[in-house]
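These figures come from a predicted structure and were not determined experimentally. Numbers restart at 1 for each chain; the letters A, B, ... are given by sequence-line order, proteins then strands.
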Amino acid sequence: MKRYSPKDIESKWQKYWDDNQTYKADLNSSKPKYIGMSMFNYPSGAGIHIGHAMNYTISDVMARFKRQQGFESYHPVGWDAFGLPAENYAIKAGVSPQESMAKIIPDYHKQYKAMGWSNDWSKEIATHEPKYYKWSQWIFTQMHKHGLAYQDSRMQWWCEKDNTVLANEQVIDGKCWRHDGPEDPLVEKKEIKQWFFKITDYADELLEATDALDWTPSVKLAQKNWIGRSEGAEVTYKVQDSEHSITVFTTAYDTMYGTTFLVVAPEHELVPFLTDPEHLAEVEAYQKATFLKSELERQAEKEKTGVFTGAYAINPLSGRPVPVWIADYVLVGYGTGAVMGVPGEDERDYEFAQKFGLDIIYTTKQQEFVSDTDIKANPEKYIIANSEEFDGMTFLEGRPKILAKLVSVGAGVAKVNYRLRDWSVGRQRYWGAPIPIINCEKCGQVLVPEEDLPVVLPELKDFQPNGDGRSALARATEWLKVPCPQCGGEGERETDTLDTYICSSWYMLRYLDPDNDQAPFGSEVANKWMPVDFYNGADHATAHMIYARFVTRFFHKIGLLENPEPFKKFLYNGKVTAANGEMFSKSKGNGVDPLEIIAQGYGADALRTYLMFAAPLDLWVKWDPQGVPGTFRFINRVWNITQDFLEAKTTDENDEKVLQAIHPAIKKVTEDLETQKYNTAIATLMKATNDLYEYKAKTGIKSEKDWRFAAESLVMMMGPFAPHAAEELWHDLGHTDTLQRDHWPVYEEKYLTSNTMTIAIQVNGKLRGTISVASDASKEDIIAAASSDEKVKTYLVSEPKKTIYVPGKLVSFVV
RNA sequence: GCGAGAGUGGCGGAAUGGUAUACGCGACAGACUUAAAAUCUGUUUCCCACAAGGAUUGAGGGUUCAAGUCCCUCCUCUCGCACCA
């Protein structure tokens, strides 16, 4: 009998699929479209690891399932080639990033193919190619023209190791996301001129559209929290004996009669004007200390700190003068950078007041501390006090009235704030797309005209950053000097490069039209293929996934795209860890190399099937060295029973039992694949295979027609998980076309049930036996059979008070 | 601290309020073999020597003829956010 040997068949079919362009998608096909993908790879030189094997197999299974079902299924492939991992790898390797990419990417090709992923290589993209990043730069120019790109001087996170600015989301626990080891330094802050995209303009619509998305719920929640909408008011306090006034943002303006102090951030622009000579030294010392502190230190501090400025501000409603303090618990980047201190209803303000002996006024009838979040949760339960004419009202009544009064005295205005900050899009590193801006002494900052794009990144010998805050492009003197597009005078190119998140924010659209040199993508093809039907990844729940939504919405707004959302379905899948739950890492040396497992003889099919079987996709998988041998056995069993069938002397008789085993499996597997319940789909296939073995042992393989149907169904359904073995068996079964397109079994309702069914019998809620009855037996017959069962009789000590019959399931007696 | 989710055999995990422990791993036994591997067959939640029986889905309570599933209280773990006013 022909034995299962992955080594012999996997490379054979990989070559066949390549030669026949089996996975090339026809974007103009009249078939229904399906596009599924995992987040693309950033090639770092290390090759694929087990996490990649997990991620890309998830989308590959979906793409294969749909392709076999008859969809025009597109499983694209590309490379997020710009960015620090690639640049750092090139530095280590002592070559330019361009050279190293030219070497690395072909290696990845081999590895992807060895995994049996059904990518369409004819439409491959890479973000470091000028023909791609021309359009990343074009996006920058469009954002600029629509007033969504601006430059601002800000305190920015700075990673000492990478010599670059970091976005907020790239700072994790006070450290750089790429350097978060125990020996790595904390990030610092530097004042740097930076380009920003005004994503905050889209905060509201991004938030509103989140609920309707068919995404992993935790990611939707994370996005909502990230956007962080909060409704409140801006309230202005006049500073006593001064022309200045301080505007605070508050969501609890209904407690503002309880204000006993104001706090402004140490970085606040008014601080120099508020501070009187007596307090100047202290204030400046505090500012300096804050400035030097890392974010981590600032967060780790339990005790509140702060100093008094000497200024007093007037509560616009009560007229009460309150002292103005500076303290680092107030953040300069949120709201107005100033808050009103209401220690009676705010925990942080309470701590602050306690520490510095400031007054406390309670604005609730209880006259004790009630958190403003409690008040907001139950505004009808709390009564206002110490608030002049509002005393005695519930907060539900008083809240709008207090706001109305604030507005009428000209001291307040309703205001919505977002936690989301604008997107910092410039990086002071070489390996990225140059920002298409020319600085001219006369004209200022001028966009590179669209017809001059791309601004090609010059290939430099020395591309390492030197720590002056500018990228190596500052040293590319020839490249740097360019005439101003407006006045023709001397100009100098911008030396910042674009954040790689820009390249990855629109790549799914480029997949649809990778060679277009007139536009980032054609609207017609994009309108047909967007949104992406299935997307998955184990990272980037907020940053990438929000930026992609933002840029897609921008395209929608400027009329390039009908659908404002990029991803219809997003699965945030789990990662693979070592058996002890530790993350795989190079330094620990506990990695599992997928290619090695394939080479050991288990093959890609068994590896793929194990990864999809081990757990539901949203859970983390602990690597089990026995797992792949286990799924190998399963594939082997399907293989052997198919070969058994091919060698059996069959007849033209019928075998309903076989059909009753396979048809329910077809139903279950098809449904489970639709919702990415891969583990139970595979379990169902295993069960069906076991059932076939059982029938083979009992009655042998007789019915040519029914056994063929069972074997072919099994092979087809195994296809998405184990495509090589399935393809080989498909051809063994006599087919000459590929299994991969348009071959999926369909179940028939009449085989979903058998002629007998098993009924459970309960007495007083306890299982006391089971009976087997004909499927068409009447309720009366079944109850009669149940009550005459020998075992059950011993428990039926008296006439049942109640008898419940659940059709096809059970009989329950109450005695 | 706030928010979300989860606790089921030795392990990964299954289960529209209706026979808990599917499927796989591991373990044990048998068949085949000179032998081993591979393969095939069987057993495997726990308690009791076996059977009969009983217990069992983190703990406790409730609803129901019937609860892993629904409700309440508590414990533990994981993941997000983290002084956002």
**Request:** Rounded to the nearest angstrom, tell me the gap between atom OH in A:Tyr795 and atom C1' in B:C65.
**Result:** 18 Å
**Message:** Consider side-chain contact (heavy atoms from CB on, under 4.5 Å). Of A:Val628, A:Ile635, A:Thr631, which one does A:Asp605 pass it with?
**Reply:** A:Ile635
**Asked** To the nearest Å, how far apart are A:Tyr602 OH and B:C25 C1'?
**Response** 13 Å
**Prompt:** What nucleotide, of B:G3, B:G18, B:A85, holds the atom closest to the side chain of A:Leu810?
**Reply:** B:G18
**Fill in**
When rounded to whole Å, the NZ to C1' distance for the pair A:Lys355 and B:C83 reads 14 Å
**Asked** Paired with B:A15: which nucleotide, if any, by Watson-Crick or G-U wobble criteria at under 3.5 Å for both distances?
**Response** none
**Prompt:** Mind checking whether A:Trp325 and A:Phe352 have parallel, tilted or perpendicular rings, split at 30° and 60°?
**Reply:** perpendicular
**Item:** Separation of B:C40 P from A:Asp644 CG (nearest whole Å)
**Value:** 10 Å
**Asked** So which one's nearest nucleotide on RNA chain B is more toward 5', A:Phe813 or A:Lys766?
**Response** A:Lys766
**Asked** Nearest to the side chain of A:Ser812, which nucleotide is it out of B:C83, B:C40, B:G18?
**Response** B:G18
**Prompt:** On a whole-Å scale, what distance lies between the P atoms belonging to B:G9 and B:A14?
**Reply:** 13 Å
**Message:** Reading RNA chain B from 5' onward, which residue's closest nucleotide shows up sooner: A:Leu767 or A:Glu347?
**Reply:** A:Glu347
**Fill in**
By the Watson-Crick or G-U definition, both distances under 3.5 Å, B:A52 is matched with none
**Prompt:** Hey, are A:Thr210 and A:Arg549 close enough side-chain-wise for a donor-acceptor pair under 3.5 Å?
**Reply:** yes
**Asked** Can a side chain N or O of A:Lys687 be found less than 4.0 Å away from OP1 or OP2 on B:A22?
**Response** no
**Prompt:** Within less than 4.0 Å of OP1 or OP2 of B:A85, is there a side-chain N or O belonging to A:Tyr334?
**Reply:** yes
**Item:** Presence of A:Ser230 side-chain N/O under 4.0 Å of B:A85 phosphate oxygens OP1/OP2
**Value:** yes
**Request:** Once you apply the 3.5 Å cut-off to both distances, tell me the Watson-Crick or G-U wobble partner of B:C28, or none.
**Result:** B:G42
**Watson-Crick or G-U wobble partner of B:U21, both distances under 3.5 Å** = none
**Prompt:** Over how many whole Å does the gap from A:Asp539 atom CG to B:G80 atom P extend?
**Reply:** 10 Å
**Prompt:** What is the distance from CD of A:Glu267 to P of B:C83, rounded to the nearest Å?
**Reply:** 14 Å
**Message:** Aromatic contact between A:Phe196 and A:Trp423, with the criterion being ring centroids under 6.0 Å apart: yes or no?
**Reply:** no
**Request:** Find the distance between CG (A:Leu270) and OG (A:Ser245) and round it off to the nearest 0.5 Å.
**Result:** 7.5 Å
**Prompt:** In whole Å, what is the span from the CG atom of A:Leu221 to the C1' atom of B:C2?
**Reply:** 11 Å
**Message:** Is there a side-chain contact between A:Arg419 and the phosphate of B:C83, meaning an N or O under 4.0 Å from OP1 or OP2?
**Reply:** no
**Asked** Does B:C70 have a Watson-Crick or wobble mate here (both distances under 3.5 Å), and if so which one?
**Response** B:G62
**Request:** Establish, with yes or no, whether the OP1 or OP2 oxygen of B:A22 is under 4.0 angstrom from a side-chain nitrogen or oxygen of A:Asn690.
**Result:** no
**Prompt:** With both distances under 3.5 Å as the test, what is the Watson-Crick or G-U wobble partner of B:G3?
**Reply:** B:C79
**Item:** Minimum-distance nucleotide (side-chain atoms of A:Gln762 versus B:A22, B:G18, B:A4)
**Value:** B:G18
**Item:** Interatomic distance, A:Arg399 atom CZ to A:Ile375 atom CD1 [nearest 0.5 angstrom]
**Value:** 10.0 Å
**Fill in**
For B:G9, the nucleotide meeting Watson-Crick or G-U wobble distances (both under 3.5 Å) is none
**Prompt:** To the nearest angstrom, how far is A:Ile641 atom CD1 from B:C40 atom P?
**Reply:** 10 Å
**Message:** So, OP1 or OP2 of B:G24: does either fall under 4.0 Å of a side-chain N or O from A:Arg637?
**Reply:** no
Between protein and nucleotides 8-16 of chain B, what N or O pairs are separated by less than 3.5 Å?
| unit_1 | atom_1 | unit_2 | atom_2 | d |
| --- | --- | --- | --- | --- |
| B:G12 | O2' | A:Ala614 | O | 2.7 |
| B:A14 | OP1 | A:Asn679 | ND2 | 3.1 |
| B:U16 | O4 | A:Lys809 | NZ | 2.8 |

**Message:** Testing A:Trp623, A:Phe632, A:Phe634 one by one against A:Tyr610 for a ring-ring contact (aromatic ring centres under 6.0 Å, His included), which residue passes?
**Reply:** A:Trp623
